[in-house]
Amino acid sequence: MSGELFELTAAQAAAAVRAGELDPGELFDAYRARAAADALNAYLWVADGPGTGPPASEPAASSAPLGGVPLAVKDLFCTEGVPSQAGSRILEGYRPPYTATVVRKLAEAGAPLLGKTNQDEFAMGSSNENSGFGPVRNPWDQTRVPGGSSGGSAAAVAAGSAPWALGTDTGGSIRQPAAMCGIVGLKPTYGACSRFGMIAFASSLDQAGPLTRDVTDSALLLRHMVGHDPCDSTSLQFPEEIRLPSREDLRGVRLGVPEELIGAEGGVEPGVRKSFDQTLALAEQLGASVEPCRLPHAPHALSAYYLIAPAEASANLARFDGVRYGLRVDGDGDLISMYSRTRSAGFGAEVKRRIMLGTYALSSGYYDAYYGSGRRSPMTSAPSSRQSTSSSRRPARGRRSSSAPRPTIRSRCT
């Protein structure tokens, strides 16, 4: 059945296992063989078998809701006893003593760990060319990139070496590679899924989500990811169980098309715009109503992102100093030299750039003028460029705004 096996969606494979028509061991071994033979550099580690991942209270596959269907997991998620490196040489070989909540919940629901997938270093990038372990190639055309930062997960699903996968999204890192690899990617609402065990990039933006072949698989995986976690104070209980799609039409659905994102200033390439318009036409044929809408603050999003994300990254990545875990480069007996040499050798160029941007934005005298205003505006107010750079808007050196929230560094929940 091996040829037909790869044509099954994850939901179909899980149903076949529960019906006794498919052996979960055969399913795992088939995907493991494909993952081990990966030629796209999509994987950084592949399991030896369904029991070689982090320990969990896994039910029998025949009764588990996810049916023993193996799961590829982005390298950003901590997995007990398994390399979890965030795509960075500074964490090369790091094996954490605990497992991320969403990975644990999926294992308990019957999705064993298949492998850890490649990514842009610390999720900083949109092409998967910033990985410390080499770029991932797009399975449709290996001369092209798969998108990022969850490019390894997207490429693995598109290539058929994983039935589904986990990624993270800070500023498009699930949705963009999913689009570039022709699969389904979903960034859940912030707080829907626990961030505990995700190696942090920007804590107020990061969120875990599924990458799958179709919408049903995405809904099924998300159903077992969501919910409150006492280890993550930003997580919330989901109001109701996620239902799998059953309709074949879109009657009653309203789709808004933001003018700011697809107009002359949106930067959409002609080929992409053509595909987008064809999709809208198909949605209308299926009964959806398509209406123009406005997102007046959209032009400010990139500016706000490049203040908030690097500032929080600067704080979060301060922990990687060679003292507690990961790479350590000798400093000839001097602590500060050890810090600087370790970070210089371990971090890639893109990560260093963002740390420097963020450190500047958080520096004394500039915290409120840059990071603070990025957090408050343009969603509530959008000062002119002259105002935002005026020296009169800078707080006194050494003083910090009490109203602007600081980036948080979360410790392990015990």
Side-chain angles (χ1 to χ4, degrees), residues 76 119-130 145-151 154 167-180 185-190 200-207 209 256-273 276 292-317 348-363 366-390 393 404-405 407:
L76 199 73
Q119 61 167 90
D120 284 301
E121 185 179 7
F122 287 102
M124 298 182 191
S126 56
S127 65
N128 228 133
E129 295 173 294
N130 294 328
V145 298
S149 63
S150 304
T168 63
D169 196 312
T170 304
S173 289
I174 289 175
R175 295 159 290 174
Q176 187 245 31
M180 296 182 74
L186 172 66
K187 180 184 183 181
T189 299
Y190 185 83
F201 164 18
S203 302
S204 68
L205 302 173
D206 297 341
Q207 186 66 172
V257 182
E259 297 177 6
E260 291 82 2
L261 302 184
I262 65 163
E265 299 180 0
V268 182
E269 293 184 356
V272 175
R273 178 60 189 267
F276 180 75
C293 67
R294 300 297 306 274
L295 294 176
H297 297 311
H300 304 292
L302 191 61
S303 299
Y305 173 85
Y306 268 102
L307 278 172
I308 297 168
E312 296 187 1
S314 172
N316 282 324
L317 271 61
E350 181 63 21
V351 173
K352 290 175 183 176
R353 281 191 288 268
R354 299 202 191 195
I355 289 175
M356 287 190 291
L357 279 171
T359 302
Y360 177 79
L362 292 175
S363 61
Y366 295 91
Y367 179 90
D368 189 56
Y370 293 103
Y371 178 72
S373 64
R375 292 279 298 190
R376 291 192 301 271
S377 64
M379 303 310 167
T380 56
S381 62
S384 69
S385 58
R386 286 188 300 173
Q387 289 177 318
S388 61
T389 57
S390 170
R393 290 184 58 82

Check your understanding: What residue pairs, at least two apart or across chains, pass salt bridge (charged side-chain N to carboxylate O under 4.0 Å, His left out) with a residue in residues 292-311?
Key ->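 Checked against salt bridge (charged side-chain N to carboxylate O under 4.0 Å, His left out) - neighbours excluded - the pairs reaching residues 292-311 are E259-R294, E260-R294.
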Backbone N or O of [Y] within a donor-acceptor pair of the [X] side chain at under 3.5 Å?
| X | Y | value |
| --- | --- | --- |
| D169 | G172 | yes |
| D120 | S150 | no |
| Q176 | G148 | yes |
| E350 | M124 | no |

Do [X] and [Y] make a side-chain contact, defined as non-hydrogen atoms from C-beta onward lying under 4.5 Å apart?
| X | Y | result |
| --- | --- | --- |
| F201 | L76 | no |
| I174 | L186 | no |
| F276 | V268 | no |
| S149 | N128 | no |
| E312 | S203 | yes |
| N316 | F122 | no |

How long is the straight-line distance from [atom2] of [Y] back to [atom1] of [X], given to the nearest 0.5 Å?
| X | Y | atom1 | atom2 | answer |
| --- | --- | --- | --- | --- |
| R273 | I262 | CZ | CD1 | 4.0 Å |
| Q207 | S173 | CD | OG | 13.0 Å |
| E129 | E121 | CD | CD | 14.0 Å |

Exercise for review: Determine whether the side chains of T170 and D206 contain a donor N or O and an acceptor N or O closer than 3.5 Å.
Suggested key: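 T170 vs D206: donor-acceptor pair found between side chains.
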**Study point:** No-hydrogen, no-angle side-chain donor-acceptor test under 3.5 Å, S314 and T359
**Key:**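 Yes, because at least one side-chain N or O of S314 sits under 3.5 Å from a partner of the opposite role on T359.
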Which atoms form the tightest heavy-atom contact between [X] and [Y], and what is the distance?
| X | Y | answer |
| --- | --- | --- |
| P177 | G147 | CB-C, 3.8 Å |
| P310 | L357 | CB-CB, 4.0 Å |
| A178 | A154 | N-CB, 4.3 Å |
| N130 | G125 | ND2-CA, 3.6 Å |

